[in-house]
Amino acid sequence: MAARIIFHLDMNSFYASVEQSHNPSLKGKPIAVAGNVKERRGIIVTSSYEARAKGIYTTMNVGEAKRKCPELLLLPPDFPKYRAASAAIFSILRSYTDLVEPVSIDEGYLDVTERSKSQHPLQLAEEIQERILHELDLPCSIGIAPNKFLAKTASNMKKPLGITILRIRELPELLWPQEVVTMHGVGEKTAKKLNGLQIFTIGDLAQADERLLIRNLGKNGARLIKRANGIDLRPVDPNAIFDTKSVGNSTTLPRDETEYYILKETFEKLSRSVAERLKVKYLAGTTVTIQIRNFDWQNASRSKTLRNAVSQADEIFEIAWKLFTENWDETPVRLIGITVSNVVDQSELTQQLSLFNFEQHIKDEPILELVDNIEKKFGKGAIKRGVRVKSRSYASKTSFSKDFLEDHTN
């Protein structure tokens, strides 16, 4: 493959920066955006660099954050405001190339290979960074590399307002000495497995036996070895992010909970939220997964894969609640999450009839008979199925939702 020049742009402390941009009196002060600023369930979503300097970090609960930094200014999230800022950022990026791939509301990749033939990549990155800062009053960091993995790695090296070039020949010096858990794409669980295989640094991973990793980590093992060696052939695909694979929601409880009825109500509420998001996106999925985090911050998940896809709140709740009650040992629960995955567009569903669902299909028979009679009288095609339009919604309440992608469809 011919050499490519890829940028990874990552906004710095995005939500907090947007708030400071809208209200300049907040600049230079420790601020944080939190899910619920009045309850312990409030979790820090992001914080300004001034707050980070005082020990505030993402996922810290509000109570702990205020104890650590009494002068911390807490703000509720304003997602319409953040989405508007995100749309403006990506509009600037698309003025340089059509090959822009949004990854989340505040980061994305650009393939600037063609543009770099007439403008030096470093100069181009500086121009983009300056425009976003000047026009939107928002700071960002940019990684420059021959592929997406290295560009993502590079953008994390200098924050805020950093620009970093990372070349493959520099990996032994800059990347390989680092602990394997610091590598993009390696979580704590994977790092523990790698440590168990005597792989402690990214350099160890780069030189590991591929067969050993495939036996222990499956296909991901081979992929990680390639990434550690700076190999990543993924193209920058402007349409890739629209391929939704799952829809979910989670909540942190106000206290470590053991009350049966409160847990049940929480599952019902989350099921309704997930169903609403599926409805907005006109999706249904065949796998329901629950995530539970206990009082000791230990995570566990259970899932069930079904023959027929589900999208209704009562269906999701029934499966999720059963998964929970069959596996809960009455340990206090801190966080609950529900996800529906293996999703497909509902218009593509072909549901298998069974003794349990044939009745709902038979209800359609009178309608089908009416349509048949009308077409006999007025001709084939006299009645057509209505065109379904996906609705725009702000149902999402978390920074991790991809609902903002509706803003990229115009």
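Note that the numbering runs from 1 along the sequence shown for the chain. This is a predicted model, so every value here is computed, not measured.
Heavy atoms from other residues, nucleotides or ligands lying under 6.0 Å from NZ of Lys54 number 12 at most. Within a 6.0 Å radius of CG in Asp98, no more than 12 heavy atoms belonging to other residues, nucleotides or ligands are found. Within a 6.0 Å radius of NZ in Lys66, more than 12 heavy atoms belonging to other residues, nucleotides or ligands are found.
With a 4.5 Å cut-off on side-chain heavy atoms, Lys29 and Glu71 do not count as touching. Between Val18 and Met11 there is no side-chain heavy-atom pair separated by less than 4.5 Å. Residues Asn229 and Ile168 form no side-chain contact, since every pair of their non-hydrogen atoms from C-beta on lies 4.5 Å or further apart. Thr190 has its side chain within reach of Leu224: a pair of non-hydrogen atoms, C-beta onward, lies under 4.5 Å apart. Residues Leu75 and Ile31 have side chains in contact (heavy-atom distance under 4.5 Å, counting atoms from C-beta outward). Under the 4.5 Å side-chain criterion, counting only non-hydrogen atoms from C-beta, Pro160 is in contact with Tyr49. Contact of the Ile89 side chain with the Leu9 side chain is registered, since non-hydrogen atoms from C-beta on lie closer than 4.5 Å. Considering only heavy atoms from C-beta on, Thr201 stays 4.5 Å or farther from Val180 through its side chain.
Shown here for Ala320 and Ile338, the closest heavy-atom pair between the two residues is CB-CD1, 3.8 Å. Taking each heavy atom of Ser48 and Ser13 in turn, the nearest pair found is CA-OG, 3.5 Å. Ala85 approaches Leu136 most closely through the heavy-atom pair O-CD1, 4.4 Å. Pro102 and Arg94 make their closest contact through CG-NH2, 3.8 Å (heavy atoms, listed as atom of the first residue, atom of the second, distance). When all heavy atoms are compared, the tightest approach of Arg4 to Pro235 is NH1-CA, 3.5 Å. Between Ala65 and Ile56, the shortest heavy-atom distance links the atoms O-CD1, 3.6 Å.
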Step by step, work out the salt bridge (charged side-chain N to carboxylate O under 4.0 Å, His left out) result for Asp232 and Lys148.
-> CA-CA 7 Å; Asp232 181 7; Lys148 292 167 78 171; over 6 Å; no
Dump the intermediate steps for salt bridge (charged side-chain N to carboxylate O under 4.0 Å, His left out) on Lys81 and Glu19, then the final yes or no.
-> CA-CA 9 Å; Lys81 185 191 297 181; Glu19 296 293 348; 3.1 Å; yes
Would Glu50 and Lys27 count as a salt bridge (charged side-chain N to carboxylate O under 4.0 Å, His left out) if you check the C-alpha gap in whole Å, the side-chain angles of each, and the deciding distance to 0.1 Å?
-> CA-CA 9 Å; Glu50 295 83 359; Lys27 291 187 176 182; over 6 Å; no
side-chain hydrogen bond (donor to acceptor under 3.5 Å, both in side chains) between Ser273 and Asn249, intermediate numbers included | CA-CA 7 Å; Ser273 175; Asn249 195 13; 2.8 Å; yes
Under the side chain to side chain contact (heavy atoms under 4.5 Å, CB included) rule, what do Ile163 and Glu126 come out as? Steps first, then yes or no, please.
-> CA-CA 8 Å; Ile163 296 177; Glu126 290 172 345; 3.6 Å; yes
For Asp209 and Arg215, what are the C-alpha separation, side-chain angles and deciding distance, and is it a salt bridge (charged side-chain N to carboxylate O under 4.0 Å, His left out)?
-> CA-CA 10 Å; Asp209 184 331; Arg215 280 200 305 271; 5.9 Å; no
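Side-chain contact, Asn342 with Thr287: a donor N or O sits under 3.5 Å from an acceptor N or O. Using modelled atom types, one finds a donor on one side chain and an acceptor on the other under 3.5 Å when comparing Arg131 with Ser95.
For an aromatic pair to be called close, the ring centres must be under 6.0 Å apart, and Tyr109 with Phe149 fails this.
Formation of a donor-acceptor pair under 3.5 Å by the Arg293 side chain with backbone atoms of Ile336 is not found in this model. The main-chain N or O of Arg334 is never found under 3.5 Å from a side-chain atom of Asn294 such that the two would form a donor-acceptor pair. At distances below 3.5 Å, at least one donor-acceptor pair connects side-chain atoms of Ser271 with backbone N or O atoms of Phe267. Here the side chain of Glu257 pairs a donor or acceptor atom with the backbone of Glu259 at under 3.5 angstrom. A distance-only check finds no donor-acceptor pair linking the side chain of Trp176 to the backbone of Leu205 [under 3.5 Å]. Using a distance-only test at 3.5 Å, with no hydrogens or angles considered, no donor-acceptor pair links the side chain of Glu179 to the main chain of Phe200. With hydrogens and angles disregarded, a donor-acceptor distance shorter than 3.5 Å links the side chain of Gln20 to the backbone of Leu26. Without hydrogens or angle criteria, Thr182 side chain to Gln178 main chain gives no donor-acceptor distance under 3.5 Å. Remark: side-chain polar atoms of Trp328 are paired, donor with acceptor, to backbone N or O of Thr331 under 3.5 angstrom. Of the possible polar contacts, none joining the Ser21 side chain to the Ser17 backbone as a donor-acceptor pair under 3.5 Å is found.
Looking at Arg67 and Glu64, no side-chain N of the basic residue comes within less than 4.0 Å of a carboxylate O on the acidic one, giving no salt bridge.
Using cut-offs of 30° and 60° for the angle between ring planes, the Tyr82 and Phe79 rings count as perpendicular.
Between Ser141 and the options Asn12, Thr164, Asp10, Asn156, a side chain to side chain donor-acceptor pair (under 3.5 Å) holds for only Asn12.
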